[in-house]
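Input: one structure, supplied below.
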Amino acid sequence: MKANYLDELNEQQRVAAEHINGPLMIVAGAGSGKTKVLTTRIAHLLRNGVDAFNILSLTFTNKAAREMKERVEKILGGTEARNLYIGTFHSVFARLLRAEAHRLGYPNDFTIYDSDDAKSVLKTIINEQNLDDKHYKPALVYNRISAAKNSLIGPEEYQHDYAIQQEDMRANRPLNGKLYDMYAKRCFKNGAMDFDDLLFKMYVLLKSFPEVLHKYQHKFKYIMIDEYQDTNPAQYEIIKLLGAAHENICVVGDDAQSIYSFRGATIQNILQFEKDYEDAKVVKLEQNYRSTKSILNVANEVIANNKGQIEKNLWTDNADGEKIKLVRTMTDNEEGKFVADTIAEQKLRNHYANRDFAILYRTNAQSRAFEENLRRKAIPYRIFGGLSFYQRKEIKDFIAYLRIVTNPQEEESLKRIINYPVRGIGKTTIDKVSVIANEQNITFWNVLERANEFGFKSGTLEAIENFVIMIRSFQAMLGKHNAYDIALQVGKSTNIVKELFNDKTTEGLARYENIQELLNSIKEFTETPTEDGELVESEKSLGTYLQQITLLTDADKGNDEDSDVVKLMTIHAAKGLEFPVVFSVGLEENLFPSGLSINSREELEEERRLFYVVITRAKSRLFLTYANSRYRFGQLVNNESSRFLEEMPEKYIDRSYAGGGNVNRSPINNGGGLFGGNGNNMFDRMQKKSPTAPQQPAGPRPAARPVPNAAPSNHVPSPNFTPDDPAIMEPGMEVEHQKFGFGTIQTLEGPMNNRIATVNFPKGGGEKKIMLNYARLMIVKK
DNA sequence: TCATCCGCTGTTTTT
DNA sequence: CAGCGGATGA
């Protein structure tokens with residue numbers, strides 16, 4: 001261990017890192033070095049005699065967990081660090097449940113359902129109940145169930161809770177509770193837990209088995225929780241139980257970055273920490289080491305619009321840096337083009353590498369315009385999130401086989417593969433098996449095993465029997481062979497690999513490659529040495545592998561973090577990360593803030609925190625972009641700029657960049673040809689397209705609309721019309737306006753960021769007041 | 001039983 | 001503009 005590990009910390013950081021016993025809350029502002037503090041604190045604990053086996057550190061993402069592990073290893077060296085329990089809530093609990101699930105009546109090799117699996121089960125149940133799945137949409141029902149579980153409300157309680165029942169009645173879905181009950185029973189029968197069960201069942205386990213609780217209380221004497229502001233009631237209660245014996249709970253969080261309430265997180269957990277633990281020590285980390293002053297000041301001012309925060313004053317010693325660039329484009333595609341062009345430009349001009357850029361958006365669907373334009377410019381990029389590798393059809397199909405090998409009672413997967421590849425067991429047969437299974441109260445697999453008892457047609461019976469024999473042959477390999485060998489055998493026996501290999505279409509090829517990648521990942525899994533085998537004996541088993549990958553998101557795939565690519569992801573996915581140059585895109589009403597969140601103060605504040613998060617991802621340069629119109633549902637819709645833009649202090653904003661708020665030209669080529677390069681600038685086109693378009697010509701929504709009223713003269717703008725920066729305009733100059741033609745500036749008034757010019761247009765209707773932020777003028781003669 | 005085509009419907013955010 | 005589910009015909 002490095003001797004001077006505490007030396008690199010500032011005073012507050014050091015106070016936090018040196019705290020050993022008793023509850024501790026670290027309020028860590030964005031970029032204030034909380035990971036450093038956490039990792040140093042772990043080192044400090046060990047230095048002071050705490051056993052690594054007694055430390056539990058919980059994070060929200062695998063990425064955060066991995067980073068923490070790596071950094072701890074750097075301080076400690078690998079061997080000691082290996083004994084620490086560091087992981088996400090979900091993965092750690094899955095691991096514990098793997099050792100204890102039998103107590104709850106689940107197989108220890110229980111299957112973990114991702115949300116697609118869960119919705120699929122729900123859909124089956126809804127249909128079995130003869131309910132309309134257009135009304136009882138699986139996704140909606142799933143959300144209700146998920147919310148309930150995250151609040152530790154079981155099916156019984158759900159059905160007897162008056163308020164909940166009222167809500168469901170009002171939504172005209174009174175049977176949600178019954179569906180919840182049936183869903184829970186079906187999952188149990190399938191030997192499966194969904195994501196929320198990993199928390200819910202963990203709680204039930206600790207609550208119902210005092211000896212288990214005692215065991216883990218004793219084991220985890222020191223508990224640390226990152227991103228505490230994002231914990232939900234289930235997580236909160238589990239932590240409370242686990243920590244009750246020693247109360248060595250250290251939570252780190254930032255209420256300003258709470259962005260997961262849709263997942264049941266409640267900001268109350270962090271706000272109440274001091275009340276929960278009366279002797280809690282509170283340390284605030286207020287120095288930001290990440291961003292420039294401009295960026296940080298904007299972030300601070302924006303977040304000040306939210307109520308009820310923990311008081312803190314985030315500051316930085318860093319340089320002022322450049323102003324934040326605000327850029328408006330006509331369409332989503334132009335937005336993509338602007339970003340790609342600017343990345344190319346910044347690379348040249350400021351010697352950035354691809355990896356220095358991040359494009360961050362509110363919804364995954366926005367990625368396309370950026371992808372296309374980056375590809376066009378041959379800029380390598382990678383999208384994080386979206387459809388996970390493990391959600392692809394061919395991968396899910398293959399994994400379904402593996403799941404059945406370890407857990408044949410799991411019906412969802414069985415139905416997936418029973419006729420894939422096609423082996424003559426169609427829908428009719430599957431339905432029949434389902435009905436028999438329900439009637440006889442046995443599993444789907446049991447029916448298949450005993451197919452000869454149920455009068456299937458001989459051809460069908462034969463197909464079923466062959467299927468059963470094949471699955472059994474895989475199962476026979478368990479224990480004797482590792483996960484990779486079994487997977488290989490599955491690929492061979494089922495002909496899946498060969499079939500995909502022979503499919504020479506582009507999609508077929510891609511699918512083949514994906515399967516190869518899956519096989520490789522399994523191989524890698526079996527060949528990587530285990531981290532520790534303390535709680536689970538066979539870490540390399542197929543069962544472990546399956547549980548692990550379900551909890552993996554696309555962002556976790558591969559450790560190619562160092563690869564030199566531009567990163568695209570949602571703002572949610574970017575939390576905890578930092579980039580030299582950030583593009584925060586799609587800053588429009590109904591998109592960011594989301595149209596679904598603008599009706600309540602709470603939700604709007606969460607969107608604002610999201611805006612805060614995206615701003616604070618940037619180290620030195622930040623671009624904010626929005627488009628006048630973009631495709632949604634295949635339809636072009638007009639957008640107002642985001643209300644959040646109005647909350648930014650004007651003095652840190654540069655609207656002059658490439659046609660943003662003020663002037664439509666690039667500082668580089670001085671010609672506004674950044675987009676399209678057709679010499680036809682955006683403002684020009686917009687005016688021609690819709691002179692009275694409802695959207696504002698530029699800038700965040702102005703209080704009063706400055707559009708000159710009607711009677712536009714038929715002035716045709718000069719072909720080289722390029723608006724100039726209002727800052728350099730002076731009375732007496734001759735200028736051109738797109739509609740009013742040529743004129744002379746009479747007076748200038750108002751602050752720089754909102755200058756109003758009085759211009760006399762001899763042919764354009766005489767004297768006009770022009771708000772320069774919204775209507776552009778080109779200087780003709782000084 | 002299976003393949004193809006048409007039409008509908010949906011967009012937050014994630015472990 | 002997807003992607004999916006349902007209907008339809010072979």
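Labels below follow one simple rule: chain letters A, B, ... track the order of the sequence lines, proteins then strands, and each chain is numbered from 1.
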When you measure from the centre of the six-membered ring of A:Phe456, is the NZ or CZ of A:Lys432 under 6.0 Å away and within 45° of the axis?
->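 Verdict for A:Phe456: a cation-pi partner in A:Lys432.
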
Using a 4.0 Å heavy-atom cut-off across all strands, classify A:Gly424 as base, sugar-phosphate, or nothing.
->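 Sugar-phosphate contact only - A:Gly424 comes under 4.0 Å of backbone atoms but never of a base.
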
Can you check whether A:Leu596's main-chain N or O pairs, donor with acceptor, with A:Ser594's side chain at less than 3.5 Å?
->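 Judged by distance alone, yes, a pair lies under 3.5 Å.
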
Whole-Å distance separating the OH atom of A:Tyr260 from the P atom of B:dT12 |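 After rounding, the gap between these two atoms is 16 Å.
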
Test log, rule side chain to side chain donor-acceptor pair (under 3.5 Å), inputs A:Asn190 and A:Tyr113 = CA-CA 10 Å; A:Asn190 286 353; A:Tyr113 278 160; 3.0 Å; yes

Would you please name every residue forming a salt bridge (charged side-chain N to carboxylate O under 4.0 Å, His left out) with A:Glu412, sequence neighbours left out?
->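 A:Glu412: no salt bridge (charged side-chain N to carboxylate O under 4.0 Å, His left out) contacts found.
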
In whole angstrom, what separates A:Asn590's CG from B:dT13's P?
->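 That distance rounds to 15 Å.
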
Who pairs with A:Lys457 by salt bridge (charged side-chain N to carboxylate O under 4.0 Å, His left out), at least two apart in sequence or on another chain?
->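 Salt bridge (charged side-chain N to carboxylate O under 4.0 Å, His left out) check on A:Lys457 returns nothing, list empty.
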
Given B:dT13, is OP1 or OP2 found less than 4.0 Å from the side-chain N or O atoms of A:Asn364?
->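 Indeed, a polar side-chain atom of A:Asn364 lies that close.
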
Would you say A:Asn150 reaches B:dT15's phosphate, i.e. side-chain N/O to OP1/OP2 under 4.0 Å?
->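 Checking B:dT15 against A:Asn150, no side-chain N or O comes under 4.0 Å of OP1 or OP2.
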
Is A:Thr570 near enough to B:dT14 that one of its side-chain N or O atoms lies under 4.0 angstrom from OP1 or OP2?
->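 Affirmative; the distance criterion is met.
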
Take A:Glu100 and A:Tyr216, measure what side chain to side chain donor-acceptor pair (under 3.5 Å) needs, and give me the verdict at the end.
-> CA-CA 11 Å; A:Glu100 312 287 347; A:Tyr216 291 115; 2.7 Å; yes

What nitrogen or oxygen pairs link the protein and nucleotides 2-7 of chain C at under 3.5 Å?
| from | atom 1 | to | atom 2 | distance (Å) |
| --- | --- | --- | --- | --- |
| C:dA2 | OP1 | A:Arg368 | NH1 | 3.0 |
| C:dA2 | OP2 | A:Arg368 | NH1 | 2.8 |

